Amino acid sequence: MEEFRSSTEDIYTRRRSSRDRRCLIITIVVVVIATFIIGILIGRYAACPDAKSADGKTGLYLKDVPDRLVKDADPEIESLLINGMKEENVRANLKMLTEKPHLGGTEGNYELGRKLKTFWEDAGFDHVTLAPYKVLLSYPNMSNLNFVELLDENGATIYKSNLTEPILTPEEDKPDVVPPFNAYSPQGDIKGDLVYMNYGRHEDYQYLESHTNINVSGKIVLARYGKIFRGDKVKQAERRGAIGVILFSDPADITTGNVSKVYPDDWWLPPSGAQRGSIYIGVGDPLTPGYPAIETAYRKKDPEEWMPGIPCHPIGYGIAIHLMNAMGGDEVPISWRGKMNTTYRYGDGFQKPGWKARIFVSTKDTSVTTYNAIGVIRGSVEPDRYVLVGNHRDAWVFGALDPSSGTAVMMEMSRVMGELVKSGRWRPRRSIIFCSWGAEEYGLVGSIEWVEHYSKALAARAVAYLNVDIAVQGNSSLRALGTPLIYRSLYEATKKVPNPNDTEVAAGRKTVYDTWMKTYPWKKYDRPKVTLPGSGSDYAPFRDRIGIPCVDIRYTWDSSVYQLSAYPMYHSVYETFYLVDNIMDIGFKYHTSVGRVWVDIARNLADSLIIPFNVSDYSDTLQDMTDSLISKFEQILTDNDINPDLLRQVVANFTEATHVFEKYVQEANKNDPYVIRKINDQLMSLERVFIEPTGLPGRKYKRNMVFTESSLDSYSGSGFPGLSDALTNIKENKDVENQIEILKKHYSVILYCIQSASSILREVDNFIVDY
Ligand SMILES: *[C@@H]1O[C@H](CO)[C@@H](O)[C@H](O)[C@H]1NC(C)=O
Ligand SMILES: *[C@@H]1O[C@H](CO)[C@@H](O)[C@H](O)[C@H]1NC(C)=O
Ligand SMILES: *[C@@H]1O[C@H](CO)[C@@H](O)[C@H](O)[C@H]1NC(C)=O
Ligand SMILES: *[C@@H]1O[C@H](CO)[C@@H](O)[C@H](O)[C@H]1NC(C)=O
Ligand SMILES: *[C@@H]1O[C@H](CO)[C@@H](O)[C@H](O)[C@H]1NC(C)=O
Ligand SMILES: *[C@@H]1O[C@H](CO)[C@@H](O)[C@H](O)[C@H]1NC(C)=O
Ligand SMILES: *[C@@H]1O[C@H](CO)[C@@H](O)[C@H](O)[C@H]1NC(C)=O
Ligand SMILES: *[C@@H]1O[C@H](CO)[C@@H](O)[C@H](O)[C@H]1NC(C)=O
Ligand SMILES: *[C@@H]1O[C@H](CO)[C@@H](O)[C@H](O)[C@H]1NC(C)=O
């Protein structure tokens, strides 16, 4: 209405005077010329050939795209970061971190969390928080400590384990040291006969049952640490009716066997050292499974996953040898013998009639608050894409190796990155998020709660999670666990970082990669071996719940020289700063090298225009997993009308899709920010397609169909865990009818997932497959 009225007015005014008319003509001429010029300009840019993206399908005006949106990483930054990491800072960080005990849920750990928060604020981070979770942890009663005893026929004590590990250097002489205990053990005071069960594995019981008449029902199981997760040892014993478990560290598994020189003179565990550790099989807060333990969470009355129902206590070999000396029964086979100076027997009774073993446990589950410290460097171009780096902060005692060696390095890495950001020289393309988890030792409690809390945001935005739990546990070579999309950035980083060992350099191995390649060669691929991760650290929730590519790296001992089940001082009070500073990494060169590799992977993932994931590594891995599964179980598959060729075919089709995708990426117009975003979204989505909300058969929180660890041992990684679990059960004649149905359904789910992976990589308007 308003417009119509004003144009009528125009008709009247035009008639008013010729002076007005002349004015009007000039205005029209000016307008026509201006329109013409604008038209030429529009025409020029619209017709400009390089304005179109390579495939000619999008019509974005690329001349308007600021350079910074499509610029690849600045190569100078990588050396500034790598060279910026300083040995003396890592050392100072470790000294600070190990001054006091910092067990999950305690004031000591909260205090370190606050220090980290301040550190990151000072480093110039954009956002830092301490995120609290109210969780169920477990502690011994400090005025009524746990022990193991050997009693004679009158109930008098022959030997009793020390209530605490004796102090060997002044450093261990601090308040709040928690003595050896197994977290989540129920309380109990029991007496009984001992049966030695080797490592306490399923196959050890099979051996016992087929070679002896011994039955552990009603007995106490004595088992050595090593080979499998300690919680599985307790579960195996409890399932067979045992009334308690004593776990010990055998010199065979944590020394060379020659125990004449131990801490504080060497890195070998002394006889008095004992391994603490959780025996809960589930992960995360036991009372809020599947959801974060925030204030508003519903808390179950009882844990959902398997909780030990029999008391359990860990001891050192200094007391275990006295138990073994007194045990009766036949000698065990050679493979069951450790390296204590004694005769290893099955037990099931003592040499002296009436003698008994006793376990006293006062440990109690307690509701406490644990804090994750989270620090963010905001990305400059894609702030909504997160590269996560992390490590836990809680330790059983001083934790100089596990986890403070990792935290000390992470702090130095955050300082170096923060410094470049503060100076204005650099800001990563994507956001980098630093994570310090509060209670990993109790079953990944810190990271699980956080991943559950933010799973929706992380599933949409996280690029990768890079973990370093223990940075250094030896000085022979790098070792890596990881999922295949990370391999490329891992190899690239290790090829840049100088070898910290001068002897190795003199032998021509100039980089970390070179020694890694020599120590752990992957012959098939002509590169160093990366193994699939188990559930041993905080990468597991990222992988299992939301399908985020992950890696864990460390420097470690030479496994061809030392056959150790863990580094010797693992979870004992003797993991001190003294140990690291004087024995394990004098000069902190190995720590710093791990940090240099870590910082470069993070930078590469955060800064590269195209996320440096190699999709061929993914298809190669699926190919290898397929070959190994079929070679192991082909007969069972075909016996049950399952066609192994279907799996081979979908993997082959996926491999083909990766080749097409790689070619597409190579030729794509990298000046178009939407093409970049599209490719990066495809790369980020790839691992997510293997996440199924219903979980693996019988394991509803294990949602990654391909890379979750096997259910038979929580420590080691396994490919196609659902298939191999069902096939193993069928092979062992367990629950066969049911397992065949599970197998058939799950097989089809795996085929579907791999087909989805092909779809994701196909051209976006051609993802619907017509067969
Ligand atoms: C710890 O043990 C003492 C001594 O037996 C007892 O009085 C106290 O109640 C126990 N504390 C807890 C938290 O169970
Ligand atoms: C061990 O003894 C228990 C209780 O007597 C019994 O239920 C179980 O079947 C026995 N196990 C074996 C392997 O004989
Ligand atoms: C054990 O180590 C000590 C000191 O390192 C050495 O003197 C001794 O010969 C070794 N014993 C054996 C049996 O190797
Ligand atoms: C117990 O502690 C004492 C010192 O407090 C030490 O001499 C002894 O070797 C320890 N015993 C064991 C079995 O570790
Ligand atoms: C092993 O024990 C025996 C008997 O107790 C002892 O005579 C021998 O010296 C010990 N050997 C070592 C290497 O400690
Ligand atoms: C590390 O290297 C030093 C020097 O060669 C050596 O003395 C030390 O025992 C090594 N530590 C470990 C844990 O391998
Ligand atoms: C360096 O490597 C050599 C093997 O090439 C090894 O013997 C030596 O112990 C290593 N040194 C350190 C300090 O780790
Ligand atoms: C991925 O790895 C394959 C095999 O190693 C290699 O041929 C290919 O060039 C790599 N692709 C990229 C993008 O690095
Ligand atoms: C693999 O791809 C071919 C060609 O597109 C198709 O005919 C075949 O059905 C696919 N196989 C599977 C198992 O998806």
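In this text, all values refer to a predicted model and were calculated from it rather than measured experimentally. First listed ligand is number 1; within each ligand, the first listed atom is number 1.
Checked against a 6.0 Å centroid threshold, the rings of Tyr491 and Trp516 count as neighbours. The aromatic ring centroids of Trp336 and Tyr346 lie less than 6.0 Å from each other.
No option in Trp557, Tyr567, Trp268 other than Trp268 meets the ring-ring contact (aromatic ring centres under 6.0 Å, His included) test with Tyr562.
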Per-pair distances, ligand 7 N/O vs protein N/O, less than 3.5 Å:
from: ligand 7; atom 1: 2 (O); to: Asn501; atom 2: OD1; distance (Å): 3.4
from: ligand 7; atom 1: 2 (O); to: Asn501; atom 2: ND2; distance (Å): 2.3
from: ligand 7; atom 1: 5 (O); to: Glu504; atom 2: OE2; distance (Å): 2.3
from: ligand 7; atom 1: 11 (N); to: Asn501; atom 2: ND2; distance (Å): 3.0
from: ligand 7; atom 1: 14 (O); to: Asn475; atom 2: O; distance (Å): 3.4
from: ligand 7; atom 1: 14 (O); to: Asn475; atom 2: OD1; distance (Å): 3.2
from: ligand 7; atom 1: 14 (O); to: Asn475; atom 2: ND2; distance (Å): 3.4
from: ligand 7; atom 1: 14 (O); to: Tyr590; atom 2: OH; distance (Å): 3.0

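Judged purely by distance below 3.5 Å, without hydrogens or angles, the side chains of Tyr570 and Ser565 never pair a donor atom with an acceptor atom. Thr363 and Asn146 are linked by a side-chain donor-acceptor pair at a separation below 3.5 angstrom, with hydrogens and angles left out of the test.
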Please table the atom pairs, donor to acceptor, closer than 3.5 Å between any side-chain atom in residues 397-410 and protein atoms at least two apart or in another chain.
from: Asp402; atom 1: OD1; to: His392; atom 2: NE2; distance (Å): 3.0
from: Asp402; atom 1: OD2; to: His571; atom 2: NE2; distance (Å): 3.0
from: Ser404; atom 1: OG; to: Gly399; atom 2: O; distance (Å): 2.9
from: Ser405; atom 1: OG; to: Leu401; atom 2: O; distance (Å): 2.6
from: Ser405; atom 1: OG; to: Ala471; atom 2: N; distance (Å): 2.9
from: Thr407; atom 1: OG1; to: Asn391; atom 2: OD1; distance (Å): 2.3
from: Thr407; atom 1: OG1; to: His392; atom 2: O; distance (Å): 3.3
from: Thr407; atom 1: OG1; to: Pro403; atom 2: O; distance (Å): 3.3

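Which parts of ligand 2 touch Asn215 is read off a 4.0 Å heavy-atom cut-off, strictly below it: atoms 1 (C), 2 (O), 3 (C), 8 (C), 10 (C), 11 (N), 12 (C), 14 (O).
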